[in-house]
There are 2 protein chains.
Amino acid sequence: MRPADPPARNADVRRPTLNAVAALAGVGRGTVSRVINGSPKVSDRSRAAVQRAIDELGYIPNRAARSLVTQRTDSVALVVPEAQNRLFSEPYFSGIIRGVSAGLAGAGMQLLLVLVRDEKEYARLATYLSAQRVDGVLMMAVHSDDTLPDRLEELAVPTVLAGRRGDGEPLGHVRADNGGGARSAVEHLLAGGRRTIGTITGPLDMDVAQARLEGYREALEKAGLEVQDDLIVQGDFTEDGGRWAMRELLRRRPEVDAVFAASDVTASGAVLELRASGRRVPDDVAVIGFDDSIVARHIDPPLTSVRQPLEEMGRTMARLLLDEIEQRGAGHRGVVLPTELVVRESA
Amino acid sequence: MRPADPPARNADVRRPTLNAVAALAGVGRGTVSRVINGSPKVSDRSRAAVQRAIDELGYIPNRAARSLVTQRTDSVALVVPEAQNRLFSEPYFSGIIRGVSAGLAGAGMQLLLVLVRDEKEYARLATYLSAQRVDGVLMMAVHSDDTLPDRLEELAVPTVLAGRRGDGEPLGHVRADNGGGARSAVEHLLAGGRRTIGTITGPLDMDVAQARLEGYREALEKAGLEVQDDLIVQGDFTEDGGRWAMRELLRRRPEVDAVFAASDVTASGAVLELRASGRRVPDDVAVIGFDDSIVARHIDPPLTSVRQPLEEMGRTMARLLLDEIEQRGAGHRGVVLPTELVVRESA
DNA sequence: ATGCCGCGTGGGAGCGGTCCCACGGGTCCT
DNA sequence: AGGACCCGTGGGACCGCTCCCACGCGGCAT
């Protein structure tokens with residue numbers, strides 16, 4: 001129990017209100033509101049007077065007050081499952097954020113960052129999000145069995161995903177052309193004369209992993225080569241997983257002369273294992289990764305990798321979400337952005 | 001009575017209000033408010049009734065409405081200058097964010113992410129922030145000539161910085177023990193029998209760079225060695241800067257047998273240059289970096305590096321900010337957190 | 001002139017909370 | 001018995017904005 005209430009609530013300088021602007025401009029509140037919201041039904045004279053008053057007072061609308069009546073918050077949440085946050089190579093995360101931020105800033109929207117630590121938090125999140133009345137939700141790294149997106153859809157919260165859960169993703173989402181990227185990687189290996197090309201996949205319950213594997217298959221088939229199951233080893237996007245998978249691959253097929261890894265981190269594990277087995281990269285075995293992350297540039301030898309247009313993906317996510325907020329039922333759309341092969345020394 | 005019900009404003013399901021809870025619980029609005037805010041002046045009977053009604057309706061308070069009257073937003077902004085966002089090794093950024101998020105979540109505070117692209121945006125930011133009425137501001141990576149913090153202080157916006165601008169930083173801030181970290185790195189090199197130890201610094205207008213350089217000096221002096229100016233080369237935290245600085249260092253002192261680099265990225269550049277000059281790491285020249293970033297683990301050889309307790313730094317920032325919001329004038333405090341030397345193969 | 005139209009415009013009525021004042025009804029003291 | 005006090009309580013008055021209705025006024029047709 002507090003002995004006495006804090007005196008002087010706090011040192012806040014009371015900011016000017018719309019009322020103050022109206023008084024100074026000699027018009028009614030309605031008119032000021034119209035000017036601020038760009039309504040056309042205001043005379044030039046009033047508009048100028050209001051504008052002058054706004055400038056003079058340094059008036060900035062109070063978001064809470066507006067939000068209370070419009071039932072909008074002009075803010076969206078970016079949900080990042082904690083686990084993924086580590087798993088995914090960092091450029092992925094920060095690149096997308098940068099794009100999202102840029103796309104949102106233009107629309108005067110705020111970005112709420114929500115890191116989700118554990119399952120318990122995750123479960124309560126849907127209610128939380130709809131109660132906070134964010135206008136929309138951006139989700140990073142959804143798993144195929146993720147139900148949060150469905151709940152958000154039920155609650156009619158506009159949602160856009162980074163990546164999709166599976167083939168017929170009903171929600172709006174943005175993803176890189178994983179299949180195409182993988183294809184171009186394998187084609188590059190083929191063009192380099194490699195013939196026994198293995199691949200280390202990601203967890204196959206993730207769409208990205210599936211898509212990249214599919215691209216690998218397509219490239220081989222297009223080249224008239226047979227897809228051999230023992231050249232395909234499942235990894236988990238980690239470095240240790242990459243090492244382990246590479247060892248397995250070498251055991252099965254010691255003559256392998258190239259590897260396409262579904263992530264750079266995996267690839268770096270593979271390179272380590274190759275070196276441990278006395279093989280040289282790329283002379284004996286060529287390696288290509290995916291993501292063009294920091295490690296790609298820094299491992300020895302520098303890694304050829306598939307780059308995703310991260311910032312553009314982020315911007316696109318923002319745009320899609322804004323569209324959906326503007327007119328719900330605009331239909332959830334999926335956007336696929338092209339990838340690019342960055343050739344370095346490993347292949 | 002209103003003539004007719006509002007014509008379904010939009011597809012939003014109208015969430016229950018405090019009024020609805022009061023009606024269902026058979027009490028007044030004031031009582032419900034008291035229960036929600038944990039006031040002791042409520043009878044157990046009322047409290048129970050209200051609690052039941054809340055659960056039944058799934059009531060969650062409307063932040064905007066509350067914010068309007070309390071003049072608080074229960075949200076803080078995390079400001080990240082865009083340039084730094086690239087410059088700083090990523091674990092730094094994401095580690096701190098994770099800590100901040102954890103620290104804030106406990107207090108029911110929201111985290112607003114604000115990336116600042118260019119100078120123009122930056123200039124308007126102070127006004128913007130105080131107008132948005134965020135309760136406080138967290139700033140990443142301030143430069144020593146940064147004036148935004150000062151403006152925020154003027155505007156009486158509670159602020160906590162990651163790192164400090166200089167020696168007598170007036171604002172609350174959290175930083176790693178950069179000097180101590182550098183010292184332990186150099187001591188490790190000395191313990192390994194190295195005697196001609198060079199250092200590649202960061203931009204010396206940044207406090208971290210200064211502090212790390214100072215630690216280098218102290219360690220040498222403590223060991224009774226002379227600090228030789230030509231063993232100190234200024235870098236810029238980039239890889240290229242590291243290469244260039246290493247080349248310069250080799251030119252000045254070809255017999256150098258160890259290098260302490262002020263960042264891992266710098267160190268990785270140095271390693272590249274050392275190898276290009278035909279030297280082996282660590283056999284001929286030992287190298288230690290700072291940050292324990294991803295690249296530290298992935299370059300060849302794996303880099304010995306100084307780790308900062310990033311997540312704890314984030315949590316501490318959150319706590320400091322919360323304190324300052326709670327009672328302004330609690331005095332801006334600086335907190336220094338210990339670092340840890342992670343020994344790998346490069347030294 | 002008289003009516004009608006449409007454009008700007010002012011301002012009342014909320015949005016959903018918190019704050020605080022006034023009030024009923026017990027307890028305890030005189 | 002009457003007064004002073006305390007406790008839990010209801011509800012009015014906002015917080016700063018948008019929405020919308022009603023109104024004044026000039027121009028045009030009647």
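So you know, we letter chains A, B, ... as the sequences are listed, proteins then strands, and number each from 1. Predicted, not measured: the structure shown is a model, and the values here were computed from it. Every heavy atom of this structure was used, including side-chain atoms; hydrogens, water molecules and symmetry mates were not.
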Novice: Do B/Ser67 and A/Arg63 have side-chain N/O donor and acceptor atoms under 3.5 Å apart?
Specialist: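 No, because no side-chain N or O of B/Ser67 sits under 3.5 Å from a partner of the opposite role on A/Arg63.
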
Novice: According to the side chain to side chain donor-acceptor pair (under 3.5 Å) rule, which pairs have a member within residues 104-116 of chain B, sequence neighbours left out?
Specialist: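 Those involving residues 104-116 of chain B are A/Gln132-B/Gln110.
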
Novice: Once you round it to whole Å, what is the distance between P of D/dC19 and CD of A/Gln71?
Specialist: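 These atoms are roughly 11 Å apart.
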
Novice: Just how far is it from atom NE2 of B/His173 to atom CE of B/Met139, taken to the nearest 0.5 Å?
Specialist: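 CE of B/Met139 is found 14.0 Å from NE2 of B/His173.
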
Novice: Which residue in the set B/Val100, B/Asp135, B/Thr73, B/Leu321 passes side chain to side chain contact (heavy atoms under 4.5 Å, CB included) when paired with B/Met109?
Specialist: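 It is B/Asp135, the one option of B/Val100, B/Asp135, B/Thr73, B/Leu321 that forms the side chain to side chain contact (heavy atoms under 4.5 Å, CB included) with B/Met109.
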
Novice: Produce a footprint string for nucleotides 22-27 of chain C: one letter per nucleotide, 5' end first; B if the base is under 4.0 Å from any protein heavy atom, S if only the sugar-phosphate is, - if neither.
Specialist: ------

Novice: Check whether any side-chain nitrogen or oxygen of A/Ser43 sits under 4.0 Å from OP1 or OP2 of C/dT9, and answer yes or no.
Specialist: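 Yes, such a contact exists.
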
Novice: At what distance, to the nearest 0.5 angstrom, does CD1 of B/Ile96 lie from CE of B/Met313?
Specialist: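 B/Ile96 atom CD1 to B/Met313 atom CE measures 4.5 Å (nearest 0.5 Å).
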
Novice: Could you measure the distance from the CD1 atom of A/Ile54 to the CD1 atom of A/Ile60? Nearest 0.5 Å is fine.
Specialist: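 One finds 10.5 Å between CD1 of A/Ile54 and CD1 of A/Ile60.
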
Novice: Do B/Thr316 side-chain atoms and B/Glu312 backbone N/O form a donor-acceptor pair below 3.5 Å?
Specialist: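 Checked: pair present.
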
Novice: If you round to the nearest 0.5 Å, how far is CZ of B/Phe93 from CG of B/Leu310?
Specialist: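 Reported value, rounded in 0.5 Å steps: 12.0 Å.
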
Novice: Any residue in residues 16-41 of chain A with a heavy atom nearer than 4.0 angstrom to DNA chain D? Just list them by number, or reply none.
Specialist: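 Correct list: A/Thr17, A/Leu18, A/Arg29, A/Ser33, A/Arg34, A/Asn37.
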
Novice: Whole Å only: how far is the CG atom of B/Asn62 from the C1' atom of C/dG14?
Specialist: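 To the nearest whole Å, that distance equals 14 Å.
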
Novice: Compile the donor-acceptor pairs under 3.5 Å between side chains in residues 147-154 of chain A and protein atoms, sequence neighbours left out, one pair per line.
Specialist:
residue, atom, partner, partner atom, Å
A/Asp150, OD1, A/Arg165, NH1, 3.2
A/Asp150, OD2, A/Arg165, NH1, 3.4

Novice: In degrees, rounded to 10°, what is the bend between the two ends of the helix from C/dA1-D/dT30 to C/dT30-D/dA1, using five pairs at each?
Specialist: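 End-to-end axis angle: 60°.
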
Novice: For B/Ile60 and C/dG16, give me the distance from atom CD1 to atom P, rounded to whole Å.
Specialist: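 These atoms are roughly 15 Å apart.
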
Novice: Could you say whether B/Ser46 or B/Leu68 is positioned toward the 5' end of DNA chain D, judged by the nucleotide with the nearest heavy atom to each?
Specialist: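 Checking each residue's closest nucleotide, the 5'-ward one belongs to B/Ser46.
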
Novice: Without swapping roles, check the side chain of A/Ser101 against the backbone of A/Ile97 for a donor-acceptor pair under 3.5 Å.
Specialist: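 No; judged by distance alone, with no hydrogens or angles, the pair does not exist.
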
Novice: Output every pair passing side chain to side chain donor-acceptor pair (under 3.5 Å) with a member in residues 48-59 of chain B, not counting sequence neighbours, ordered by first then second residue.
Specialist: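 For residues 48-59 of chain B, and leaving out neighbouring residues, there are no side chain to side chain donor-acceptor pair (under 3.5 Å) pairs at all.
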
Novice: Measure CG/B/Asp74 against P/C/dG17 and give the value in whole Å, please.
Specialist: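 Roughly 14 Å, once rounded to whole Å.
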
Novice: Distance check needed: D/dC15 C1' versus B/Arg72 CZ, whole Å only.
Specialist: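 Answer to the nearest Å: 16 Å.
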
